[in-house]
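Input: one structure, supplied below.
These values consider heavy atoms only, across backbone and side chains, with no hydrogens, waters or symmetry-generated copies. First the proteins, then the strands, lettered A, B, ... as listed; each starts at 1.
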Amino acid sequence: MTEHPIHDNPVRAFDTSKRPLIVLVGPTAIGKSRVAIEVAKRLGTEVLTADSTQVYRGMDIGTDKPSLQERREVAHRLIDLVNPDEPFNVGEYRRHAVAEIDRLHQEHRIPLVVGGTGLYVRAVLRGLWPGPPVDWTLRRQLEQEAQERGLAALYQELGKVDLQTARRVHPNDLVKVLRALEIFRQTGLPASHVHKQHGFQERPFTALLLGLTMDRNALYRRIEERVHVEIEKGLVEETRRLLSQGYARSLTSMKSLGYRQMAGFLEGEYDFDEAVRRLKRDTRHFAKRQMTWFRKEPQIEWITVLPDESLSSIMTRTMGQVSQFLNQIQTGAIETKSCSSLTAK
RNA sequence: GCCGAGGUAGCUCAGUUGGCAGAGCACAGCCCUGAAAAGGCUGGUGUCGACAGUUCGAUUCUGUCCCUCGGCA
């Protein structure tokens, strides 16, 4: 492959005054990236990844980052933003994403957000309550308290300051109990109150939401194949390298799919076959959770992909939706449509 | 052929001093506002190998048979 400039895509100028945005979601291993690359080429735009693990540098195989070849064809953003031990969260993601979207709009291009991290996509489409992010000093303190007094005691405390959240969050859900208490200690306000005020009501963009879906069993078969491919590409070596670089298994990044299971094998907790078994299982469970999340997300145009469907066939249907959206943008028809549907609850 | 162990949920197995059975995994449904590939919740009727006997009642006890695994011939 000879060197090529990054943007050898045809340049197409769009009216971006309505802040148009195309979002492609779907469960892991369904084939989002290759569809995204095709769409991006045709629109002369870039891919903005909405993936909570691809933001980590050095975690390439397990997160299924696009290859260098693919990145030469189409620029991918929001990848490799931090090291695996640096804190990262939805808020950070949203800031980066909005900056990239703004930039593309200024270039009269339509950004293409692609990913499987539901919360990240939601934060882009509907905003995030403006309160303070995790205060890790306070969080560690709360974790310590949970150790000493028991989670039940903290849950009780939450019940006293924020009954609504306590009712909504299960007493066993450490992460959410601590976050709710943290919000109260930081702001003096109950999480339920500030969240209700925000209510994901922001609508910064005019978006087309596309969702890829597939027969469950067929998807599970693809997941198995994906796991084997990752192993062949060197997932074990990649994990070994990350561990030897000092990235602890307790890091959220290292607890993500692939690394968690391979680290267990490398540290002798179980054999290789068991690690592979677990990785397949956990990935299936993850795909299922993603489907649960996206299913209730409003306004998704679902594209059901057949088990062995060709890319061009998928593209025909995808581009059908995209062209319709572009027409609406250009003619202004979107204005009435999106306003009515976006404000409807 | 003989001896031993065993046949219970899709899988691995537990259990019932006789009152129509339960864990893990699988699988399914769900929750989520700065850890989100994280974290959490919920869901178990299955000829208890087959047939016969004892019993008010058998998956449990008895007998016969079938099957699986191991050992010995």
Examine the side chains of A/Glu148 and A/Gln144 and answer whether a donor and an acceptor come within less than 3.5 Å of each other.
yes

B/rU54 and B/rC13: how far apart are their P atoms, nearest whole angstrom?
35 Å

Euclidean distance for C1', B/rC66 against B/rU47 (whole angstrom)
16 Å

Looking at A/Arg126, does any N or O in its side chain come under 4.0 Å of the phosphate oxygens OP1/OP2 on B/rU33?
no

A/Tyr270 six-ring face occupied by A/Arg278 cation (under 6.0 Å, within 45°):
yes

C1' spacing across the pair B/rG44 / B/rG24, given as an integer number of angstrom:
13 Å

Residue pair A/Gly62/A/His198 against RNA chain B: nearer the 5' end by closest nucleotide is A/His198

Looking at every strand, decide which applies to A/Thr28 at a 4.0 Å heavy-atom threshold: base, sugar-phosphate, or nothing.
nothing

Applying the Watson-Crick and G-U wobble criteria at under 3.5 Å, what pairs with B/rU45? Answer none if nothing qualifies.
none

Quote, to the nearest angstrom, the P distance that separates B/rG18 from B/rC56.
15 Å

So, does A/Lys176 get its side chain near the phosphate of B/rC31, meaning an N or O under 4.0 Å from OP1 or OP2?
no

Can you tell me, in whole Å, how much space there is between the P of B/rU64 and that of B/rG4?
13 Å

Side-chain N or O of A/Arg179 versus OP1/OP2 of B/rU33: is the shortest distance under 4.0 Å?
no

B/rC31 OP1/OP2 closer than 4.0 Å to side-chain N/O of A/Arg167
no

Between A/Arg216 and B/rA28, is there a contact of a side-chain N or O with OP1 or OP2 at under 4.0 Å?
yes

With a cut-off of less than 4.0 Å, is there a side-chain N or O of A/His285 near OP1 or OP2 of B/rC27?
yes

Once you round to the nearest 0.5 Å, how far does CG of A/Leu163 lie from CZ of A/Arg168?
12.5 Å

Take the angle between the ring planes of A/His195 and A/Trp129 and call it parallel below 30°, perpendicular above 60°, tilted in between.
perpendicular

Which part of the nucleic acid, if any, lies within reach of A/Thr252 when heavy atoms closer than 4.0 Å are counted: base, sugar-phosphate only, or nothing?
base

When both hydrogen-bonding distances must be under 3.5 Å and the geometry is Watson-Crick or G-U wobble, what is B/rA36 paired with, if anything?
none

It should be established whether A/Trp129 places a side-chain nitrogen or oxygen under 4.0 Å from OP1 or OP2 of nucleotide B/rG34.
yes

With a 4.0 Å cutoff (strictly under), does any side-chain N or O of A/Tyr259 reach OP1 or OP2 of B/rA38?
no

Heavy atoms under 4.0 Å, any strand shown: does A/Asp51 hit a base, just sugar-phosphate, or nothing?
base

Stacking of A/His170 on B/rC41 base (centres under 5.5 Å, planes under 30°):
no

A/Arg277 side chain near B/rC11 phosphate (N/O to OP1/OP2, under 4.0 Å):
no

Same-atom distance (C1') from B/rA23 to B/rG46, integer angstrom
15 Å

Does A/Thr187 reach the main-chain N or O of A/Leu189 with its side chain, forming a donor-acceptor pair under 3.5 Å?
yes

Indicate whether OP1 or OP2 belonging to B/rA36 is found under 4.0 Å from a side-chain N or O atom of A/Tyr120.
yes

Using a heavy-atom cut-off of under 4.0 Å over every strand shown, decide if A/Arg168 touches base, sugar-phosphate, or nothing.
sugar-phosphate

Watson-Crick or G-U wobble partner of B/rC2, both distances under 3.5 Å:
B/rG71

First encountered from the 5' end of RNA chain B, between A/Arg295 and A/Phe88:
A/Arg295

If I pick the C1' atom on B/rC20 and the same atom on B/rU8, what distance separates them, to the nearest angstrom?
14 Å

Partner of B/rC56 by Watson-Crick or G-U wobble geometry, both contacts under 3.5 Å, or none?
B/rG19

What pair of heavy atoms forms the shortest contact from A/Asp60 to A/Tyr259, and how long is it?
N-OH, 3.5 Å

Is there a side chain to side chain donor-acceptor pair (under 3.5 Å) between A/Gln147 and A/Glu143 once you walk through the steps?
CA-CA 6 Å; A/Gln147 279 282 319; A/Glu143 280 171 355; over 6 Å; no

Can you tell me, in whole Å, how much space there is between the C1' of B/rU68 and that of B/rU12?
15 Å

B/rG34: syn or anti, per glycosidic angle within 90° of 0
syn

Any side-chain N or O of A/Asn172 under 4.0 Å from OP1/OP2 of B/rG39?
no

Please tell me if A/His195 has a side-chain N or O lying less than 4.0 Å from either OP1 or OP2 of B/rG34.
yes

